[in-house]
Novice: 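Structure incoming, see below.
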There are 2 protein chains.
Amino acid sequence: MSQETKTTSAEAEIRALLDSWLKAVTTGDLDATMAHYAPDVIAYDAVLALQFKGSDVYRKHWQMCMTMCSEMSFKFHDIHISAGDDVAFSHCLNLCGGKDKDGKENTSWMRMTTGYRKINGKWKIVHEHFSAPFDMESGKALFDLQP
Amino acid sequence: MSQETKTTSAEAEIRALLDSWLKAVTTGDLDATMAHYAPDVIAYDAVLALQFKGSDVYRKHWQMCMTMCSEMSFKFHDIHISAGDDVAFSHCLNLCGGKDKDGKENTSWMRMTTGYRKINGKWKIVHEHFSAPFDMESGKALFDLQP
């Protein structure tokens, strides 16, 4: 198999994993969502804490997010994937939406970077980084930026 | 060369690149800083914009940062590196400091994720993601969190 074919195949595997993650998250399926992560995942989420270490801790955070915010939606934009034989990463902008407790729909563009390792022949997410940039004067997250 | 040795060697190369980047950034050397990036780097910085596309655009942003904030310091904490033959990523917490225009020293913990590709035999940064998490109620960046 040529290097190019190999790379394309790994990229396709990562793209399939992203699509599968998206389906799990947007249907609010906590178990299916967590199946994408390695046990020792380290996540830098957009809110609350500097990091979430390990899938048990991250599961509780995902559960809180899914409870707080129903009908979550994510729309990937400008996805870039770099994939080797057993290490890969991807990044994209992500139009995130959801309904809060009062049923109000909120959307904003976030940035999403994901790190993967092939473990026992299967790609798993070992690192995730979500964020919104902030304004230097006010210290407030910038939710109104457009790509 | 065994797979393990190969991986360790690539990890060491990434670690050396991070140290070299750190030296360039903390000495305010714009040219040396930019030498670490691929021409088509896509950066998600902590401030101002969703993304900076290409090293020309990112160079201007770095120049602004170095002008605004003198004696920049970065202290890596809890670095994790995943490195294959030609694709790698790393992440760490980063205690960022600097003096503002009034000479006041500010420090805060940020999250830093970096994506690399080996291009013509040399590792280059093709993706960078810096951020601080924000508080869901106030929408304000959380600068006082401790690891």
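It should be emphasised that the depicted structure is a prediction, and the values quoted were computed from it without experimental measurement. A, B, ... follow the sequence lines: proteins, then strands. Residue 1 opens every chain.
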Novice: Got a donor-acceptor contact below 3.5 angstrom from the A:R111 side chain to the B:D45 backbone?
Specialist: yes

Novice: Working to the nearest 0.5 angstrom, can you tell me the gap between B:H91 NE2 and A:E128 CD?
Specialist: 11.5 Å

Novice: Using modelled atom types and a 3.5 Å cut-off, is there a donor and acceptor pairing between side-chain atoms of B:N94 and backbone atoms of B:C96?
Specialist: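 No; zero donor-acceptor contacts below 3.5 Å.
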
Novice: Taking side chain as everything from C-beta outward and backbone as N, CA, C, O, which of these in A:A88 sits under 4.5 Å from a heavy atom of chain B? Side chain, backbone, both or neither.
Specialist: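 The backbone, not the side chain.
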
Novice: Between A:L50, A:L142, A:L145, which has the largest tally of heavy atom pairs under 4.5 Å with chain B?
Specialist: A:L50

Novice: Where does A:K53 contact chain B at under 4.5 Å (heavy atoms): side chain, backbone, both or neither?
Specialist: side chain

Novice: Chain B contacts: which residues in residues 19-44 of chain A have a non-hydrogen atom closer than 4.5 Å to it?
Specialist: A:I42, A:Y44

Novice: Checking heavy atoms, do the side chain of B:F143, its backbone, both or neither come under 4.5 Å from chain A?
Specialist: side chain

Novice: Count the heavy-atom pairs under 4.5 Å between each of A:K140, A:M110, A:Q146 and chain B, then report the option with the highest count.
Specialist: A:K140

Novice: Is the A:H127 ring parallel, tilted or perpendicular to the A:H129 ring (thresholds 30°, 60°)?
Specialist: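 Correct class here is perpendicular.
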
Novice: I'd like to check B:Y116 versus A:V87 (side-chain heavy atoms, cut-off strictly below 4.5 Å). Are they in contact?
Specialist: no

Novice: Taking all non-hydrogen atoms of both residues, which atom of A:F74 and which atom of A:F130 are closest, and how far apart?
Specialist: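 Scanning both residues, the minimum pair turns out to be CE2-CE2, 4.2 Å.
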
Novice: Could you pull out the closest heavy-atom pair between A:R117 and B:I81, with the gap in Å?
Specialist: NH1-O, 4.1 Å

Novice: State the CG-CZ distance between B:L48 and A:F134, to the nearest 0.5 angstrom.
Specialist: 9.0 Å

Novice: Heavy-atom distance under 4.5 Å to chain A: side chain of B:S90, backbone, both or neither?
Specialist: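 The answer is neither part of B:S90.
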
Novice: Looking at every heavy atom in both B:A10 and B:W123, which two are closest together, and how far apart are they?
Specialist: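 Result for this residue pair: CB-CZ2, 4.2 Å.
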
